[in-house]
Amino acid sequence: MTQQPLTLEQFLVAHPPAPPGDPNALAALFSAIGLIGKSLSRDLRLAGLLNILGTTGETNVQGEAVKKLDEIANETFVKVLQQSGVACALASEEMEKPVIVSGQGRRQAPYMVLFDPLDGSSNTDVNMPLGSIFSIVAARSANQPPVEGDLLTRGTGQAAAGYLLFGPSTMLVFTTRAGVHGFTLDPGLGEYLLSHEAIRIPARGKVYAANEGNYHKWPAGTRRYLDSLKQQDKATGRPYSGRYSGCLVADVHRILLGGGIYLYPGEIAKPEGKLRLLYEANPMALVVEEAGGKASTGTKRILDVEPTKLHQRVPLIIGSRDDVAEAETSMQADR
Ligand code: AFP
């Protein structure tokens, strides 16, 4: 008789995170994230019918127009995580300041969660892929409430990280630093079932994802690298195919499974790039590195970048090990 795939909860019981992670708290946190995914999956599937498309008329801390779905996603993350009992601080792309969740009595909840509640907002009104990204960091103290500075943790200090992908199916992909595993939501069961165990990214791919509308804003080394991907070169499988969706989660998920490279590089006028370190680049970098890939600013390992501000931006070059190394060589020739 064929085995029924493991549910998310069964998997977490069978694969408890290594110390110092708190297995029960982390399992509760992933269950909460799974609930957020079910709720957002339902909202997104009906968005065109519920008058929740379009913008709210507000702008967020990034100075971007807030989509109604951005707000719904952020509220869902905050409410579910506040009620989880295992998160003591929440930081979001959509909130200037973190939410400090008061402890039960004197004890503080063991984890802090940083998230981009809805990644790929330009896709909301046109039924294209969307995602949510989360980074999980252990609280600094069991007795003292966290402060904003506690959230400025280097990527190597993450306890876990992952993303929800809202595509033809809804997936939850994460790592607790013991490999990368993907679960597919079965809406009929209301369960996430293990569909991609121990994901490994190929050392090299044949796909690149970049917004080439920014080509003339890039430094010469970046342009040289992108040009090289389009040359004929059988030895390195060139030319690569361009695949860019406007959603980091969707593009990196494709690359995680099939290999290749995603680039949101620094520009001459904006060397820091667009993507945020703490709740986009760091979590995606932990997932990709845990799967055998590489994530760089172009000159430095993403996970080694020392955070100084909650919403700081960073260039992101991420994907197959050999592809990212080649991009770094070309970009560093610029220095
Ligand atoms: P939004 O969530 O503001 O649409 O940004 C999405 C994103 O952070 C990432 O998911 C995309 O890869 C990238 O930005 C798209 O940015 P461009 O629209 O400038 O190409």
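When a residue number appears, it is its place in the shown sequence, counting from 1. Atoms within each ligand, like the ligands themselves, are counted from 1 in listed order.
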Using a strict 4.0 Å threshold on nitrogen-to-oxygen distance, state whether R301 and D304 make a salt bridge. yes
Show me the short polar-atom pairs for ligand 1: any N or O of it lying under 3.5 Å from a protein N or O, with distances only.
from, atom 1, to, atom 2, distance (Å)
ligand 1, 2 (O), G120, N, 3.0
ligand 1, 2 (O), S121, N, 3.0
ligand 1, 2 (O), S121, OG, 3.4
ligand 1, 4 (O), S121, N, 3.0
ligand 1, 4 (O), S122, N, 3.3
ligand 1, 5 (O), K274, NZ, 3.3
ligand 1, 8 (O), E280, OE2, 3.4
ligand 1, 10 (O), D119, OD1, 2.5
ligand 1, 10 (O), D119, OD2, 3.2
ligand 1, 10 (O), L248, N, 2.7
ligand 1, 12 (O), L248, N, 3.4
ligand 1, 12 (O), Y262, OH, 2.7
ligand 1, 14 (O), K274, NZ, 3.0
ligand 1, 16 (O), K274, NZ, 2.9
ligand 1, 19 (O), Y264, OH, 2.6
ligand 1, 20 (O), N211, ND2, 2.9
ligand 1, 20 (O), Y244, OH, 2.6

With sequence neighbours excluded, what pairs up with S296 under the side chain to side chain donor-acceptor pair (under 3.5 Å) test? E328
Would the distance check show the side chain of Y208 and the main-chain N or O of Y240 forming a donor-acceptor pair, the cut-off being under 3.5 Å? no
Would you say the side chains of R238 and T236 form a donor-acceptor pair under 3.5 Å? yes
Verify the neighbour count for atom NZ of K270: are there more than 12 heavy atoms of other residues, nucleotides or ligands below 6.0 Å? no
Can a salt bridge be assigned to the pair E64 and R276 using a cut-off of 4.0 Å between side-chain N and carboxylate O? yes
